[in-house]
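See structure below.
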Amino acid sequence: METLDGPVLVLAGAGTGKTRVLTTRIAHILATGRAVPHQILAVTFTNKAAREMRERVGVLIGQSVEGMPWLGTFHAIGVKILRRHAELVGLKSNFTILDTDDQVRLMKQVIEAQGIDEKRWPARQLANAIDGWKNRGLTPQQVPAGEAMSFATGKGGELYAAYQARLKTLNAADFGDLLLECIRLFRDNPGVLSEYHRRFRFMLVDEYQDTNVAQYLWLRLLAQTQAGEKPNVCCVGDDDQSIYGWRGAEVDNILRFEKDFPGATVIRLERNYRSTGHILGAAGHLIANNEGRLGKTLFTDDVDGERVTVAGSWDSGEEARAIGDEIEALQRQGHALNDIAILVRASFQMREFEDRFVTLGLPYRVIGGPRFYERAEIRDALAYFRATMQPADDLAFERIVNVPKRGLGDATVQILHDYGRREGVPMMQAARILVETEELKPKPRQTLRNLMTSFGRWAGQAETMRHQDFAQLILEESGYTDMWQKDRTAEAAGRLENLKELVRSMEAFENMAGFLEHISLVMDASEEGASEDKVSILTLHGAKGLEYDTVFLPGWEEGLFPHQRSLDENGRAGLEEERRLAYVGLTRARRRAKVWFASNRRIHGLWQATMPSRFVDELPASHVDVVEASSAYGSGGTFAMSRFDRAQPFSGSTYSTPGWQRAKQNMEAGFKATNAPPRREPLTIEGELVARSTGTASVYKVGDRVFHIKFGYGEIAEIDGNKLTVDFDKAGRKRVVDSFIDAA
DNA sequence: CTTCCGTATGTTTTT
DNA sequence: CATACGGAAG
């Protein structure tokens, strides 16, 4: 770790203190005077990681050093560089950054402009292709002919080129460009590149296993050195935690680090400070099934602790109930809900848990749902701001020209669009010109005139008011807030709340322009109050980098985990990535990891018999307990939940328990998917609900109109202590706990 | 231009 | 099953 000079690869296993390595290294470089803050380039993948690193460096070196300007995500640093040299890549320095949604809409236009049927060749698909090419560092000219052919019978490359051209006219860049254009900048302008060579004395990269080709090329360019010199580049990562291959990450980057940087020092961190012995043992054994690893074996000085448990359930509903019960049991033993997480493979699995927890009145939070910036209301609001601030931002203008509905539909937009393209002016300007002509029908013409007057007025006010008041004003005068206030659906209240939050978050910025720049890059939700005690529900992907005392891992079934699609599309590599995901899941646990699988699961609405995941088989018997599912569910009927015999957990690596056998038999018998659940649950729910009722009289009465944060408005049908049965207008009849309810 | 109904389609997700 | 999107009718 003291090695400061030359290339260093730190292979940091899960829970070995990866972030600590990076932060102490930075602190060390600064403390020893080897460089000053602005000579250090430190890149991360996510804003969260960047923020965390910044904070931790700050703590280590004290307030004496002003922040590090070159600590950030690949993209944030890319933008910073591009803005300085924008003209060299055909942009102006105030270029707009498009997100995925803008991207797709623009591509749709490009596809249609080429006279291609957008239905046969969806924009979405082209966006994915182009994204893939950009991830691999390919410009339109460099796309392999075969691949360019694959879209729209050979138009793929052309469309990519046309799209890039459109971006330049719009003075815009998409996320991929932030790196790709940087690469082009460096390649075409050696002078610029060497300026950065001189500047960056030390380079550090976090999560190196997640880098894609473009990021790799970018880094290589920056790490180029004079002959004989070795770059001071330090990459930290863990090949066993590479789970973003489907997004362009190349594990290869980390596997061949030593070839790329001859004479590199490789440091392995294998001492784990997070988990108990049994958890590490199980995870290590599992991941050893992968080939092509750099190979690490984690160890700990901690106790062996509890074995990893494996439990089966009849179906996903029972899985949710059993896990809910276990969590309540843990809670009674004094465990904080914040220390408990449920890690799922696919987000559809979350719903069952949510429903169950709502019924139980067990507080939970879903991590990683739709991002703040992705929400329609936020994007609409931002589009208003963008259109006001940057009158050439056609995409923003198009987005909100008819939101709220004001009678300016496709026909009108098309006219503006055509005129703009023909005359080479932005749509807003086209609109100003056209309202003075006879080209538009009287009604839309008047509406459009009013709208343009508003935009004109707002643009004038931008300078004179505080930007948050300014934002508020636009949202109100445009009728946007009004639109949601009139909306009585479940989400409307939340949307208004989000808008308020958006305006509130602007306070932290100098002005509107600064805010827009930030939001286009950062775009993640304002930190949710982690202060309340709640169970976390998140995907395995979302769990990377996090840790919890107790981790529940439901849905370990063939087809779901490993996911069938991963297997089909990427074969062995896909399987190995799934296995790494399992490894990530297990290693999130500090004290308890609890694996679950169900024998039946509803997939696409049909009940399917499922087989336990091969990963269950790959867990070593010596670190695992096969446990009986919660007894409450096992006792009713012949087909009731099987018991797993504690006394004979395994024979070899094959399970011999009844549930296991039955699950396999079900598969082998070729159980056909049915429309009906394979079996009705015993009526334990009612008994349990009654038993659990607090008896406290509810403040509500039958027939009251209420509002539920998740289900919206509804009417109370029954009351049972603090458990209410509510007929929701949209969500139907649900049983909920009254603490989740407000009077409507 | 809006509303409603039918059909298609169901991983993982950051910037 | 449930939702999301696109096409046809009002």
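The sequence lines fix the lettering, A, B, ..., with proteins before strands; numbering per chain opens at 1. Worth saying up front: this structure is predicted, and the values here are computed from it rather than measured.
- Closest to the side chain of Tyr244(A), from the set dT15(B), dT12(B), dT13(B), is dT13(B).
- In this structure, Lys544(A) NZ and Gln241(A) CD are separated by 6.0 Å, a value rounded to the nearest 0.5 Å.
- Separation of atoms CH2 (Trp218(A)) and CD1 (Ile183(A)) is listed at 9.5 Å; rounding is to 0.5 Å.
- Rounded to a whole angstrom, the distance from the C1' atom of dA2(C) to that of dT13(B) is 22 Å.
- Remark: Asn47(A) is not in phosphate contact with dT14(B), judged by side-chain N or O atoms under 4.0 Å from OP1 or OP2.
- Summarising the geometry, the separation between CH2 on Trp607(A) and C1' on dA2(C) is reported as 15 Å, rounded to the nearest angstrom.
- Heavy-atom nearest nucleotides on DNA chain B were determined for Leu581(A) and for Thr46(A), and the one closer to the 5' end corresponds to Leu581(A).
- Under the ring-ring contact (aromatic ring centres under 6.0 Å, His included) criterion, Phe348(A) pairs with no residue, sequence neighbours left out.
- Across the protein-nucleic acid pair, Gln564(A) atom CD and dT11(B) atom P stand 13 Å apart, rounded to whole Å.
- Judged purely by distance below 3.5 Å, without hydrogens or angles, the side chains of Tyr216(A) and Asp252(A) never pair a donor atom with an acceptor atom.
- Listed candidates were dT15(B), dT3(C), dT11(B). Nearest to the side chain of Arg351(A) is dT3(C).
- We find that the ring of Trp246(A) and the base of dT12(B) stack, their centres lying under 5.5 angstrom apart and their planes tilted less than 30°.
- With its glycosidic angle more than 90° from 0, dT12(B) adopts the anti conformation.
- When the P atom is compared between dC5(C) and dT12(B), the two are found 15 Å apart, to the nearest whole Å.
- A centroid separation of less than 6.0 Å is found between the aromatic rings of Phe74(A) and Phe45(A).
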Distances under 3.5 Å between nitrogen or oxygen atoms of protein and nucleotides 4-10 of chain C:
residue: dG7(C); atom: OP1; partner: Lys119(A); partner atom: NZ; Å: 3.2

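- Using a 4.0 Å heavy-atom distance criterion, Asp410(A) is classed as a sugar-phosphate-only contact.
- Distance NZ (Lys405(A)) to C1' (dT3(B)): 10 Å, rounded to an integer number of Å.
- Here His563(A) packs flat against the base of dT11(B); its ring centre is closer than 5.5 angstrom to the base's six-membered ring, tilted by less than 30 degrees.
- In this structure, His541(A) and Ala411(A) both approach DNA chain B, and ranking their closest nucleotides by distance from the 5' end singles out Ala411(A).
- Protein atom CZ of Arg124(A) is 11 Å distant from nucleotide atom C1' of dT13(B), rounded to whole Å.
- Trp556(A) has its ring centre no less than 6.0 Å from the ring centre of Phe597(A).
- Ser347(A) comes within contact range of the sugar-phosphate backbone alone, with a heavy-atom separation under 4.0 Å but no base atom that close.
- Rounded to an integer number of Å, the gap from CZ of Arg601(A) to P of dC1(C) is 17 Å.
- At whole-Å resolution of the value, CD in Gln125(A) and P in dT9(B) are 11 Å apart.
- Backbone-only engagement by Leu408(A) is indicated by non-hydrogen atom pairs under 4.0 Å involving sugar-phosphate atoms exclusively.
- Outside the 6.0 Å centre-distance limit, the rings of His563(A) and Trp246(A) are not counted as a close aromatic pair.
- For the pair Gln608(A) CD and dC1(C) C1', the interatomic distance rounds to 13 Å; values are reported in whole Å.
- If you check every strand for non-hydrogen atoms under 4.0 Å, Asn402(A) touches sugar and phosphate atoms only.
- The line from CG of Leu98(A) to CG of Leu170(A) is 7.0 Å long, rounded to the nearest 0.5 Å.
- At a threshold of 4.0 angstrom between heavy atoms, the contacts of Gln215(A) with the nucleic acid are absent.
- A side chain to side chain donor-acceptor pair (under 3.5 Å) with Asn171(A) is found for exactly one of Asn94(A), Thr96(A), Asp393(A), namely Asn94(A).
- Going from atom CD1 of Ile243(A) over to atom P of dT14(B) covers 11 Å, rounded to whole Å.
- Between Thr539(A) and dT13(B) there is a side-chain N or O to OP1 or OP2 distance below 4.0 Å.
- Residue Glu578(A) has its side chain nearest to dT11(B) when only dT11(B), dT3(C), dT13(B) are considered.
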